[in-house]
Protein chains: 2
Amino acid sequence: MNKRLTLKDVAKAADVHVSTVSRALDPNSSTSLSEEVSNRIKVVAKELGYRPNRIAAGLRTNKSMTVGVMIPDITNTLFPPIVRGIESTLEPFGYATILVNTDNIPERELRLIEVLRERGVDGIITVAAHRNDPGIAELIELGIPVISLNRRLDISTVPYVINDDNVGMKLLLKHFFDLGHRRIGHIAGPRDLSTGQIRAAAFSEGCKAHGLPDCADLIYYSDRFEEAEGERCTVELLRTNPDITALLCANDRLAIGAYSGIRSLGLRVPEDISVTGFNDSPILESIPPRLTTVRIQKFEIGQAGAKLLLNALQGGAKGPIGTVLPVELIIRDSTCAPRSES
Amino acid sequence: MNKRLTLKDVAKAADVHVSTVSRALDPNSSTSLSEEVSNRIKVVAKELGYRPNRIAAGLRTNKSMTVGVMIPDITNTLFPPIVRGIESTLEPFGYATILVNTDNIPERELRLIEVLRERGVDGIITVAAHRNDPGIAELIELGIPVISLNRRLDISTVPYVINDDNVGMKLLLKHFFDLGHRRIGHIAGPRDLSTGQIRAAAFSEGCKAHGLPDCADLIYYSDRFEEAEGERCTVELLRTNPDITALLCANDRLAIGAYSGIRSLGLRVPEDISVTGFNDSPILESIPPRLTTVRIQKFEIGQAGAKLLLNALQGGAKGPIGTVLPVELIIRDSTCAPRSES
DNA sequence: ATGAAAGCGCTAACAA
DNA sequence: TTGTTAGCGCTTTCAT
């Protein structure tokens, strides 16, 4: 169990002062150093296998070269590609990422923010933000760079990268309309998440644009983006509005839940009710009927978020407050023309 | 952008010395402190919203309360539950986890170990170990606690938690045997991963136990646990041994690849060739024919590994060097009796 | 029971 | 160009 080498050890070996070593090893040291000494030190350091202690450096510089990544649950297939996109982008710049799972529980989120702050993270990327998020708001006040991915906050100062929820919904709605559907319901996401809110708003707008009658009563809000919620809302919605022929769900999990709800009422997908989702989760290819959905860019959203954070960290020109990634309509087997009422 | 509070601020507010505050706030401080002062300090600290700076504390105590978690790729469905098991177990004890993806590339792994060491992690949990892993070996030499999950190393000093690969393979083999198969092939995992090696050994052993003729030539080793490799090995194996009626694959991804390989030869699963996997990945339920496989405990393996690490970190009695978690045979539609040769 | 002081490994003024 | 020195925020030994 060799004690770990310090600058002092290198200094002794190279017969110079610690600060000289520090300068020699600092890639962007502004101080002038003679080539010869600098090189000698580098050689000695490499020979000895010296590795800097970033904890100590961080204490002094107030930079930990560590960023916090907050997600609801790594077990949800939506998040691993995002996390990977973040890590792949940050790692080459020397940043490591501390990962925490919030389970969308506000108190847990607050505690985890503390955990991250205690570790002195230089910035935070959250994929778990609520529209109104006191924890994030506080971070902003403290001047800690925060980027929100996938969701956006109501306060406008937090830079965000989201997918084009609006266009995605419009594409789905147009698809339904083109197939001939006129009574279309929406299982909306939670009201406190921007994804839920934006998609529901797009639904309303889209209905109006297509000249459909007021659809406010055809929107049922789920409490969580979970299958069970999708099922519950679907059953309630269909009970109240048995003439619906198409169901636009705010994400894939709600849509899979809708399948169950529809079947529990003795109806079939898509013959009786067409269903769509959002996100294009990998499982969908293989759950029959294969879900028509909107494909979002997952790895890329992580990548874009990481770049934004890097920019903020390196104090470059202020980046965009909002970045919207394009989406793609994926038509599969869960949608078809409505049955003629003859 | 308020400057962050330090012990000094609390000390000033409570009108005591910094060290007194440090003692009062340390839950397991051995030094005696008067109840009254201690309580007063705690109240003041809470009122002020003081949060300790673990970076500074870590510099002094040489404990960062951070552990490194190394996985091949968070995007692979096998790993998120393991990571979640680790995080859920460690978090209540005040440990945060730094996550890194190795992609099973040795050089990358070495660099990432450095990244973790520079951050002063107190220990490392790796789900990405190679049987012969120089990086891990060095960590052990340095006295940094390491736990290997899912895989084990050839050197016997690294504690590991694995699933019962041996029994899993025997169960699959018995299942084949009971169905009447006698010519059984094995698409093995990479030789440099313990999972590949243990499963291949179990296959050989099992064949012998069932009185099957020497099966060494019915084992084809893949280079990576990937679908494309499964397909390649399957085609090669079936070309050389067209009389095979059952294929035991070392994991689910290889098995899915085997599906493609079998079909490319104009054969059907399971009518012509029965196929099995290992791990029970979530997708399988919905890829036809649903794969017969072995279910391993994913969350639990993370949990067990985290507990082992906690034990090592808290310097308790030495834990077990090896922990083997039980597995379960999941019979689905990819296996059936061989066609009678009549 | 509390205060004083040293020091963890590093960086950054300031001197020389 | 290099050395000296102070100090980041905390813990801990040693005094008191």
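Throughout, a chain's letter reflects where its sequence line sits, starting with A, and its residues are numbered from 1.
- Salt-bridge formation is detected for the pair A:Glu91/B:Arg108: a Lys NZ or Arg NE/NH1/NH2 atom is positioned less than 4.0 Å from an Asp or Glu carboxylate oxygen.
- At C:dG3, one or more side-chain N or O atoms of B:Thr20 fall inside 4.0 Å of OP1 or OP2 (strictly under the cut-off).
- Per the geometry, OH belonging to B:Tyr50 stands 7 Å off C1' belonging to D:dC10, to the nearest Å.
- Taking atom CZ on A:Arg60 and atom C1' on C:dG7, their separation rounds to 15 Å, with Å as the unit.
- In this structure, A:Asp26 places its CG atom 12 Å from P of C:dA13, rounding to the nearest Å.
- Side chain A:Arg23 to base D:dG3: a donor-acceptor pair is found below 3.5 Å.
- Without hydrogens or angle criteria, B:Thr20 side chain to B:Val18 main chain gives no donor-acceptor distance under 3.5 Å.
- For B:Thr61 against D:dT12, no side-chain N or O and base N or O form a donor-acceptor pair under 3.5 Å.
- Side chain of B:His130 to backbone of B:Asn132: no donor-acceptor contact under 3.5 angstrom is found.
- Toward the 5′ end of DNA chain C lies the nearest nucleotide of B:Asp15, the other residue of the pair B:Ala56 and B:Asp15 mapping further downstream.
- Within 4.0 Å of A:Ser19, counting heavy atoms only, lies at least one base atom of the nucleic acid.
- Rounded to an integer number of Å, the gap from NE2 of B:His17 to C1' of C:dA5 is 8 Å.
- Separating the CZ atom of A:Arg54 from the C1' atom of C:dC8 is a distance of 18 Å, rounded to the nearest angstrom.
- Per the geometry, CG belonging to B:Leu59 stands 12 Å off P belonging to D:dT12, to the nearest Å.
- Checked by atom type, the side-chain pair A:Asn101/B:Glu87 shows a donor-acceptor distance below 3.5 Å.
- Residue order along DNA chain D, read from the 5' end via each residue's closest nucleotide, puts A:Val37 first among A:Val18 and A:Val37.
- In this structure, B:Ile55 atom CD1 and C:dG7 atom P are separated by 23 Å, rounded to whole Å.
- Atoms CG (B:Leu7) and C1' (C:dA4) sit 15 Å apart, rounded to a whole Å.
- In this structure, the side chain of B:Asn104 does not engage the main chain of B:Pro72 through any donor-acceptor pair within 3.5 Å.
- Not one side-chain nitrogen or oxygen of A:Ser34 sits closer than 4.0 Å to the OP1 or OP2 atom of D:dT1.
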